[in-house]
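Written below as C-alpha cells is the structure these notes are about.
Keep in mind it's a predicted model, so treat the numbers as computed, not measured. Numbering of ligands and ligand atoms starts at 1, following listing order.
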Amino acid sequence: MTFEYLREDLKSLKPYEADQENCTLKLNANESPYPIPLEIRAQLATELLNGNDYQLYPDSNADSLRDALAKKLNVERDNILIGNGSDELINIVTTAFANPGDKVLCPSPGFSMVNYYTRLAGAIPIEYHLNERLQYSLSVIEQAIITHRPKILHICTPNNPAGSTMSVSDIASIAQWFDGVVVVDEAYYEFYGESMLQMIDKYPNIVILRTFSKAMGMAGLRVGYLICSKTLASEIYLVKPPYNVNSFSQRAAELLLEHPEIREKRVKEIVKSREWLFQALNGLRGVEPYPSQANFILAKVKNSSAVFRGLMEKGILVRHFGENPILKNHIRITVGRAEDNKYILQCLAEILSEMEGW
Ligand code: PMP
C-alpha cells in the first residue's frame, strides 16, 4: 500500500479494530445483554408508522434530549452536549482543546480511542501507568502533569479495561491546581455509582463523558453525552458537527430516560452477576481476576491466545489484547446474564484443565 496523500504524522496510526467474529455469546465489547425494553420498541415503532419527520434533519443540538437529561441530572441544558456515542465526544473535546504538538495524558492501560483521537488532532499522547494491580496512583498523575505540562488529562473511572476507579476527592484535588482540561470518562458510571457531576460548578475545567451504550443498552444507536461548565460547553460547541445524532436515536434515548425502573433493575442484575463471576473466576486455577466496578472483568490467564481461541471454538467471544506488553496475558469478559456467566465459567474450566494436560 502506498500512502501518497495521507498526512505524514498519521502514517503509523493503527485503525481501531472492532472484533466482529461470528459467535453465539458476545462478551468482548461491554455491551448490555438486554435488548431495548419491549414497551420502548413498541412506542418507537408506533411513532415510525404514524408519521415522523425523517425527511427533515434532526434537531442539531438535541434540545429535547438535553432537557430530559438536564432534569434527570439536575443541571441545565447548556451544561450538556450530545454526541454520536461518547466516542465522538472524545474526538470533539480533543479537537477543541489540543493544539497540534500539545501533550495529552492518557491512562495506560486505557481506552485506546483516547490516544487515537489525540494523534488525529496532531497532539502527542503521553501514557501514565496504573500500578501493578492496575489501580490509579494520584502521585503518578501529579508527577506526569509536572513533567509534561499537558493540555488535557484523561481519567477513565471505572477504567476500561481494568475496572478500577479513582475517587472523586483525588480527581478534584488534581482539577484544583491543573491548568488544563480534565476529561473524566464515566462510560461505566451506572455500575459504580460515584460521579464527578457535583463538581462541575466548582471545577470549570472538568468534562464528564457518559454514554447510552452500556447500562442503557443502546450501543447500536450511538448516543453519548458530556456534562461540564457552561463556559467550557460553549467552547466545545464550536467543534461539534451539525446534526451529529440522528432523530431516531435521540428519541430512543429520551424514551429510555422515561423508564429508570427498567434500567435500575438491569444494572442491579449485572452488578450481582459481576460479583458472582468475580468469585467464580477467582476460584479457577490459573485465573487472576481484577476487582471491577464496571460491567466487565479483566483477568490474567496463563496463555491468553490459547484461552481466547478455546473460548472462540465454543462460540464465546471475549476481548484479548494481542501483544500489548501490559495486557499480554489477559482477557476481558463482559458480564452477561447469570446463565451466560455460568456457561463461560464452565467453558473456561474445561479449557484450562485441557491446557494443564498439555
Ligand atoms: N469510553 C470508554 C471507557 C469505553 O469503554 C467506550 C466503549 N467501549 C467508550 C467510551 C465509547 O462508547 P460509545 O461511543 O459507545 O458511547
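Not counting sequence neighbours, Phe178 has no partner by the ring pair (Phe, Tyr, Trp, His ring centres under 6.0 Å) test. Among residues two or more places apart in sequence or in another chain, the ring pair (Phe, Tyr, Trp, His ring centres under 6.0 Å) test is passed with Tyr54 by none.
The salt bridge (charged side-chain N to carboxylate O under 4.0 Å, His left out) contacts involving residues 215-238 comprise Glu76-Lys230, where partners must be two or more places apart or lie in separate chains.
The residues Glu47 and Arg251 are annotated as salt-bridged, a charged nitrogen and a carboxylate oxygen being separated by less than 4.0 angstrom. A salt bridge is defined here as a Lys NZ or Arg NE, NH1 or NH2 lying under 4.0 Å from an Asp or Glu carboxylate O, and Lys11 with Glu8 meets this definition.
Between Phe308 and His320, the two ring planes are parallel [angle under 30°; tilted spans 30° to 60°].
Each of Gly85, Ser86, Asp87, Phe111, Cys156, Asn160, Asp185, Ala187, Tyr188, Thr211, Ser213, Lys214, Arg222 has a non-hydrogen atom positioned under 4.0 Å from some atom of ligand 1.
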